[in-house]
Each structure stands twice: as structure tokens, then as C-alpha cells.
Amino acid sequence: MDVYSRAREEIEAALKAAMAELKQDVPVVLDKAPAGMGDLAFPCFPLSKTMKKAPAVIAKELASMIRPRGAVEKVDSNGGYVNFHLKFAELAHETLGAALSQKQTYGRPDRPKGVKILVEHTSVNPTGPIHVGRARNPMIGDTLARILRQAGYDVSTEYYVNDVGRQVVVMTWGVKNLKVGVEPERDKDDYRYVLYYQKANKLLEEEPGREKEIGDMLYKLEHGDPETVRATHEVCDSVLKAIMQTLGRLNIAVDRFTWESKFVEDRSVDGIIERLKKSEHCHEQDGAYYLELESFGIAGRETKWFFTRSDGTSVYTTRDLAYHMDKFARTDIAVNILGEDHKLAMQELSAALTIMGVQKKPEILYYAFVSLPEGRMSTRKGVVVNLDDLLDEAVERAYEEVRKRREDLSEDRMREIARIVGIGALRYNIVRVQAEKQIVFKWEDALNFEGSSAPFIQYAHARACSILSKAGDWNRDFDAAHLATDHEKELVKSIAGFPSVLADCADNRRTHALAVYAQDLAAQFNQFYRFVPVLKAEGSARNARLALVEASMWALKNSLNSLGIEAPEEM
RNA sequence: GGGCGCGUGGCCUAGUCAGGAUAUGGCACUUGCCUCCUAAGCAAGUGGUCAAGGGUUCGAAUCCCUUCGCGCCCGCCA
């Protein structure tokens with residue numbers, strides 16, 4: 001266990017013992033102490049009433065009762081607070097020692113958790129290029145998966161491919177029956193096939209009579225006509241590969257694709273339907289079956305959830321139910337990354353699971369939409385920023401910046417750094433805010449390379465690498481007592497906080513807190529860099545500072561890596 | 001009509017779950033700092049009734065209630 005967590009546990013235990021002695025029963029919650037007042041604090045105000053004493057008096061009393069031991073150096077009081085000061089030398093020695101020995105696994109708990117988590121993310125319909133609005137999903141999903149992995153979970157990622165819906169049928173029908181006169185924007189299958197999709201949609205609006213052809217094809221697909229299944233799958237697969245190529249530029253890949261058609265073909269959906277029909281909540285209307293879910297907290301105009309159509313075929317969420325059963329058989333915990341528009345459908349799915357007697361439920365991380373200043377993104381209306389275009393622009397801007405600063409580098413090296421910096425800036429910009437907050441996409445924010453941004457953090461890392469590469473050999477048997485300035489102490493504490501931040505993000509399935517932490521860590525490092533010379537220091541002070549630089553480097557690198565952002569050694 | 005989420009300086013944002021010591025950072029703006037380990041940096045400054053009102057509490061950005069604003073949803077679509 002890391003020093004901070006251990007110290008916290010020790011202090012909580014000591015406080016609980018003191019509470020028992022005083023015959024008081026209040027929950028022991030520790031706060032972070034303000035600068036100069038120690039490390040952790042316990043507010044005594046709640047005790048005031050039952051003990052009939054002023055909080056300051058109680059704090060003083062508690063401070064004298066608790067003897068400093070373990071990681072705690074001193075216990076004192078200030079106003080109504082008991083303040084705990086940790087032994088800095090010990091904290092520093094352990095923290096730096098852990099970072100230097102564990103390297104890229106620094107932050108990971110001592111033992112793997114032995115818990116399998118399946119993170120499903122992206123899962124966009126393969127009907128065209130992915131745009132910035134949709135890209136929030138893979139960025140959050142991939143980041144969460146990386147955080148969970150670094151926090152010791154056994155993680156796999158998965159993309160659920162919709163290949164049985166109307167949309168893919170319309171696209172496939174277009175590819176088979178239509179000619180598109182224009183060249184695609186890019187030489188990629190997602191850009192190529194979306195033209196057929198758009199043309200097909202337009203044609204169907206103009207000639208509603210041809211809708212029957214779509215209906216026929218949909219019927220054939222749902223009843224397993226080999227040729228229709230093959231054609232649809234082929235078109236979807238091409239577009240899917242093109243989408244994954246774009247996501248690959250963002251360092252995003254998934255371990256497995258699961259095709260929705262599988263659950264129709266293997267008849268597991270039929271099994272779900274049979275189970276649901278047996279429920280007392282199930283009713284029938286014109287041959288279609290639904291569950292009445294009002295008693296499951298579903299509210300609104302409509303509390304019926306239809307799980308079959310009149311012709312007996314399944315609907316999307318029914319197939320998703322079969323998919324979840326499949327997932328539950330393969331994992332301990334299923335996490336889904338979904339837009340907030342899926343909330344009701346997931347409530348229905350969850351209720352259906354309960355009705356089926358399934359205890360497991362998916363955990364869902366919802367995110368709000370990314371819109372443009374002119375409104376919601378829509379491929380149909382042309383109000384859209386394609387992810388490929390944003391990626392190109394970010395890399396190009398980063399290239400201009402690199403060229404300004406580093407004329408000494410080769411062209412290839414400049415291009416490589418520009419790629420890492422530009423892409424990192426985009427990922428950071430999306431993942432730095434809480435998922436449930438709406439984002440209005442602005443080019444100037446997305447391409448920000450200063451302040452609260454990935455390049456700021458990457459830059460701190462590059463500075464650390466630069467010092468280490470110039471340092472030559474140094475004695476790694478350092479003495480942490482030489483880290484005496486406030487800048488050094490704050491930096492050590494920041495590095496020490498990494499494991500608990502990581503654990504918090506992993507256990508609470510949130511990504512932005514790590515982004516915020518990394519920015520803070522980089523700021524601490526930059527201040528240290530400005531005020532505390534390392535290479536020019538001498539003897540043991542130089543050793544200790546080099547150890548601090550290397551530990552900073554690992555904390556920065558591991559933070560960035562968990563955010564899916566590469567850490568260049570120079571920039 | 002109902003459900004869910006969001007509302008923090010001109011703009012973006014942390015803190016809200018587990019209420020506590022002067023509300024976190026960034027952008028922009030003003031002013032300094034490259035004969036010194038990479039200035040994508042550092043330092044200083046201007047700027048806030050934490051949407052509004054009420055309540056609970058010794059103490060509220062945080063908990064409860066009401067109202068307002070914005071977003072999403074309420075299909076035998078996916």
C-alpha cells in the first residue's frame with residue numbers, strides 16, 4: 001500500500017480509538033490540511049455538542065491523546081482542528097523508492113485485483129466516418145480501460161457492432177443499387193460508403209414506393225438469408241475497419257468486436273423473448289409483446305417497453321439484453337460507455353434483467369453530447385466536424401509549433417513529436433471535464449497547447465527526461481533528507497498522491513480526475529524545475545534531486561499513459 | 001405533462017458522492033523573467049452574491065425544498 005493511504009488508515013485507527021476512549025460516536029473523516037498546517041486534518045466541531053466543550057478545546061485534548069507513531073511525526077491542533085504532520089523524509093523515501101523501482105507500474109496496487117471488467121465503448125453504427133461528437137465515447141472508454149488496467153483490474157474492451165438495423169440495410173441497399181457520381185472526401189471506406197447511405201436516404205424520401213425494397217431486405221436479414229447477411233456484413237466490416245483506423249490515430253483499439261447479428265443467428269434472443277413472455281409484467285398488444293415497467297421506476301408518457309414487434313421479431317434492446325447475458329458469462333463487471341440519450345433504454349434493460357431474475361447489471365458511464373456553437377452535430381445537415389479533419393488540423397498546428405522551437409531536429413522527428421502532441425491535446429481536451437457536462441466544441445479550445453493541456457504535461461515530462469539524459473550515472477542510493485525546499489516537498493507529495501488518485505478514478509469509474517491530477521503534478525514539477533537546480537547541485541543533494549526528477553518522470557508518464565496520451569522524451 | 005443531467009469571475013473548469021480553516025486551475029487581459037537543466041515554462045496583478053429564493057446546521061458551492069435557464073429522453077427506430 002502507498003504511504004499516503006497507509007498513513008490515513010493509521011490516523012483513522014488512532015482517532016477511532018480516541019473516540020472510543022471519550023465514548024463519542026462520530027464518523028471519522030479526515031480532510032486535507034491547508035498548506036503549512038500539516039498533511040491531514042480532523043475537524044472537531046461535531047463533537048462540540050455532545051462533549052459540551054468548545055471545538056478548540058476538544059482539538060487540543062485529542063492532539064495530546066494521540067501519540068505520533070508510524071508515518072506520523074507530529075500531532076497538534078489549530079482552532080477546532082487536529083492536524084497530523086507526516087514524516088516527510090519517510091514519505092519521500094518510500095514514494096521515490098516505489099516510483100524508481102516500479103517504473104511503469106508505479107501506481108498499481110501490490111497485488112492484482114483478480115476482477116474481470118469488460119468495458120464496452122464506441123459501438124457507433126458503421127454507416128460513415130466518425131465525427132467529433134461521437135468521439136467522446138471512445139476517448140472516455142479507452143481512458144477508463146487504461147485507468148482500470150493501471151489500477152490492477154483484468155480489463156478487456158469491446159465494440160458492439162450494429163449490423164442488423166434499418167440503417168445498415170439502407171446503406172447496403174444503396175451500395176448494391178445506386179451509383180454515386182462524386183469522389184469521397186477521403187480515400188477510405190467510411191467516406192466512400194457514407195455517400196451511398198446518404199444517397200439512399202435521399203432517394204427513399206423522394207420515392208417512398210421503394211421503401212418496400214428496404215423492408216424486404218430487412219426481413220431477409222432478420223431471417224438469415226445468406227446473401228443478404230453476407231452483403232450487409234461485408235459493407236459494415238469495411239466501414240468499421242475505416243472507423244477503427246481513425247481511432248487508431250488516437251491510440252484507441254478494442255480487444256474484441258461483437259456483432260449484433262450473432263444473437264439473432266444463435267437464437268439467444270429467442271430465449272430472452274421466451275423468458276420475458278413468462279413474466280407477470282408481460283402483456284400483448286396486436287401480436288407485439290411488452291413489459292409494463294411503471295413499477296420499476298420508469299416514468300413519462302409511456303411506461304410500456306415493447307420487446308417484440310407484431311411480426312415476432314426482436315427490437316434493439318432485446319438483442320442488447322442477449323448481448324449482456326453473453327457479457328455476464330465472460331466477465332465479473334460490465335461497464336458501458338453511453339450517451340445520455342440511452343438512459344431510458346438502459347433502465348428498461350436493467351428492469352428486464354431483474355424480471356429475468358438476473359442479479360448482475362451493467363454499470364453505465366453516461367456522457368453529455370458534444371455540440372458545435374451552431375447546435376447539435378448532424379451528418380445529415382452537414383453540421384459536423386469529422387474526427388479525421390480534427391486530427392489532421394491538430395497535428396498540423398503542433399507541427400508549426402515544433403518547427404518554431406526545434407529547428408535542430410530532423411523532419412521525421414518533428415513530425416513524430418507533432419503527432420504525439422497534437423493527438424494528446426485532443427484527448428486531454430475531451431477527457432479533462434466531467435463526462436456529464438455538455439461540451440461545446442471550439443477549435444481554439446481543442447487545439448490549446450498551453451496551460452491546462454496535454455502539451456503542458458508532456459512538456460514537464462520532456463524536461464524531466466532531458467535532465468535525466470544529461471545527468472550521466474548517478475548514485476541511486478539517495479537520501480531523501482536532502483529534499484528540503486517547499487518546491488521539492490510539494491512535488492514529492494504530488495507524486496505520492498498518484499496511487500490514490502488512480503484508485504479513486506478506477507473505483508468510481510471516472511476519468512477527468514486523473515487529467516486534473518496530471519495537470520497539477522506537471523505544474524508542481526515546472527515550479528521545482530524553475531527554482532531548484534538539479535544538475536548543478538552537488539553530492540547527495542544532486543542524487544536526491546535526480547531521484548525526485550526520475551520519480552516525477554514516472555508519475556507523469558504513467559498518468560499520461562493512463563490517459564492514452566504518449567509522453568515524448570523531447571519536444 | 002413526466003423522468004434524468006447540468007448551471008462556479010468575460011470564457012472553460014476543479015471541488016458536490018462522504019458539509020468544515022482565505023472557492024481550484026486554465027484561457028483572455030496588465031506587468032516582469034531566456035549570458036542559468038528546453039519560455040509549449042515561471043512569477044506578480046485585475047476579475048466571483050458558487051443560477052435565484054427559502055430551509056437544515058455551530059458551519060452550505062456541497063444536504064433538503066421551490067423557482068428559473070440549458071441539454072437529453074418518454075417509437076412495435078437503432
Give A:Glu450 one of three labels, base, sugar-phosphate or nothing, depending on what nucleic acid heavy atoms sit under 4.0 Å from its own.
sugar-phosphate

A:Asp39 and side chain to side chain donor-acceptor pair (under 3.5 Å): which partner among A:Lys493, A:Lys32, A:His85?
A:Lys493

With heavy atoms under 4.0 Å as the rule, sort A:Asp504 into base, sugar-phosphate or nothing.
nothing

When both distances are under 3.5 Å in a Watson-Crick or G-U wobble arrangement, the nucleotide paired with B:rU56 is none

So what does A:Asn508 hit on the nucleic acid, given a heavy-atom distance under 4.0 Å: a base, only sugar-phosphate, or nothing?
nothing

Going by distance alone, is a donor N or O of one side chain under 3.5 Å from an acceptor N or O of the other, for A:Ser466 and A:Glu570?
no

Just how far, in rounded Å, is P of B:rC12 from CG of A:Leu447?
18 Å

Name the nucleic acid region contacted by A:Val532, choosing base, sugar-phosphate or nothing; use a 4.0 angstrom heavy-atom cut-off, strictly under.
base

Write down the distance separating the C1' atoms in B:rU13 and B:rA61, rounded off to the nearest Å.
14 Å

In whole angstrom, give the distance that lies between atom NE2 of A:His461 and atom C1' of B:rC37.
16 Å

So with a 6.0 Å cut-off around CZ of A:Arg542, is the heavy-atom count from everything else above 12?
yes

Under 4.0 Å, counting only non-hydrogen atoms across every strand here, what does A:Arg463 touch: a base, just sugar-phosphate, or nothing?
sugar-phosphate

